[in-house]
Amino acid sequence: MIRRAAIALLLCAVAAPATIAQDAAPAAPLRKPDVRYQPSPQKKVRAMLDLAGVKPGDVVYDLGSGDGRIPIAAVKDYGARGVGIDIDPERIAEAKANASAAGVAGQVDFRLQDLFAADFSDATVVTLFLWPDINRKLRPKLMALKPGTRIVSYWHDMGDWKPDRTIKGGLLGGDIHLWTVPER
């Protein structure tokens, strides 16, 4: 894991020397992450993007994007624009390296930001794999998005905001929930 992180940081340093100095130690997260990093299984990534009906022209934001697999898949497999937001610089470096390896580095954007302060108002799709309390804390910001914006959460719901549709977890566990921001 340390070797993989070191390679990812090196790739980012070569790709963007103004952002990460080659001799610099990895930056600390902006603050302690709200959830423990746990990547979504690839089958769940596809199921989330399918449930959201992602298509070319969509702008897919993944809040707590980790290694970048959701924004990368949105770009590579669905022709959408992908944006990942994560608070951990190690995850951002890994995501950028993964995007480069997938051949989509110029088509996906990874931002080192606090998801509670980040601007994702241009999203047409938002994906989440966070904790229930974090989903509920984000809910006002999600509800303020443009009507019709689709929100997909792996595993956790939004409290009393009932999803439009839920796909049961099956053998892999973890339901996937879909909400659509309503007209005001």
Side-chain angles (χ1 to χ4, degrees), residues 34-86 91-92 94-111 113 115 118-139 141-183:
D34 295 296
V35 298
R36 177 179 55 86
Y37 171 62
Q38 181 178 349
S40 302
Q42 288 293 358
K43 285 185 178 184
K44 294 296 183 171
V45 168
R46 178 161 291 284
M48 290 172 75
L49 297 172
D50 285 347
L51 182 60
V54 174
K55 60 193 176 307
D58 274 326
V59 181
V60 178
Y61 276 78
D62 185 24
L63 305 184
S65 58
D67 67 2
R69 62 185 58 201
I70 292 175
I72 291 168
V75 168
K76 191 171 183 175
D77 301 334
Y78 296 82
R81 188 174 132 230
V83 182
I85 296 175
D86 206 291
R91 297 282 79 80
I92 294 295
E94 183 179 12
K96 287 179 177 182
N98 289 341
S100 190
V104 296
Q107 301 165 287
V108 65
D109 184 21
F110 292 102
R111 301 175 185 169
Q113 295 179 328
L115 59 88
D119 177 12
F120 49 92
S121 60
D122 62 331
T124 57
V125 175
V126 175
T127 62
L128 313 164
F129 182 18
L130 304 168
W131 292 108
D133 60 318
I134 305 302
N135 282 4
R136 286 191 292 278
K137 187 174 174 183
L138 275 171
R139 197 168 125 183
K141 196 167 182 172
L142 295 169
M143 291 291 286
L145 295 172
K146 294 178 296 262
T149 301
R150 289 102 64 205
I151 301 160
V152 181
S153 176
Y154 175 44
W155 212 283
H156 304 292
D157 64 21
M158 296 269 185
D160 62 356
W161 184 18
K162 299 302 176 203
D164 300 328
R165 187 162 170 222
T166 295
I167 296 175
K168 293 296 182 187
L171 295 176
L172 288 177
D175 295 347
I176 301 172
H177 306 284
L178 169 72
W179 297 264
T180 304
V181 175
E183 294 291 332

Indicate yes or no for a side-chain donor-acceptor contact from [X] to the backbone of [Y] under 3.5 Å, with no hydrogens or angles considered.
X	Y	result
Thr124	Val59	yes
Asp175	Trp155	no
Arg165	Leu51	no
Arg150	Ala52	yes
Asp62	Ile70	no
His177	Ser153	no

Are side-chain heavy atoms of [X] and [Y] found at a separation under 4.5 Å?
X	Y	answer
Leu128	Leu142	yes
Val126	Trp179	no
Leu130	Leu115	yes
Tyr154	Thr127	no

*asked:* By the definition side-chain contact (heavy atoms from CB on, under 4.5 Å), identify the one residue from Ile85, Ile72, Val83 that meets it with Phe110.
replied: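 Testing each of Ile85, Ile72, Val83 against Phe110, the sole residue satisfying side-chain contact (heavy atoms from CB on, under 4.5 Å) is Ile72.
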
Practice item. Please determine if Lys55 and Asp58 form a salt bridge, counting it only when a charged side-chain N lies under 4.0 Å from a carboxylate O. Key: yes

(message) Looking at Asp119 and Arg111, is there a salt bridge between them, counting it only when a charged N and a carboxylate O are closer than 4.0 Å?
(response)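 Result for this pair is no, no salt bridge flagged.
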
NZ/Lys141: more than 12 non-hydrogen atoms of other groups inside 6.0 Å
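More than 12 heavy atoms, drawn from other residues, nucleotides or ligands, come within 6.0 Å of this atom.
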
**Request:** Count the heavy atoms belonging to other residues, nucleotides or ligands that lie under 6.0 Å from CH2 of Trp161, then report whether that count exceeds 12.
**Result:**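 Check passes, neighbour count above 12.
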
Pairwise distance [atom1]([X]) to [atom2]([Y]) - rounded to 0.5 angstrom:
X	Y	atom1	atom2	answer
Ile176	Lys168	CD1	NZ	12.0 Å
Arg69	Lys76	CZ	NZ	13.0 Å
Leu178	Thr166	CG	OG1	8.5 Å
Gln113	Ile92	CD	CD1	8.5 Å

What is the minimum heavy-atom distance between [X] and [Y], and which atoms define it?
X	Y	answer
Phe120	Leu63	CZ-CD1, 3.8 Å
Ala73	Leu49	CB-CD1, 3.8 Å
Arg139	Asp160	NH1-OD1, 2.5 Å
Ile151	Val181	CD1-CG2, 3.8 Å
Ala99	Val108	CB-CG1, 3.5 Å
Gln107	Arg81	O-CG, 4.3 Å

Inset, instruction - Test side chain to side chain contact (heavy atoms under 4.5 Å, CB included) on Lys137 and Trp131 and set out the steps. - result: CA-CA 10 Å; Lys137 187 174 174 183; Trp131 292 108; over 6 Å; no

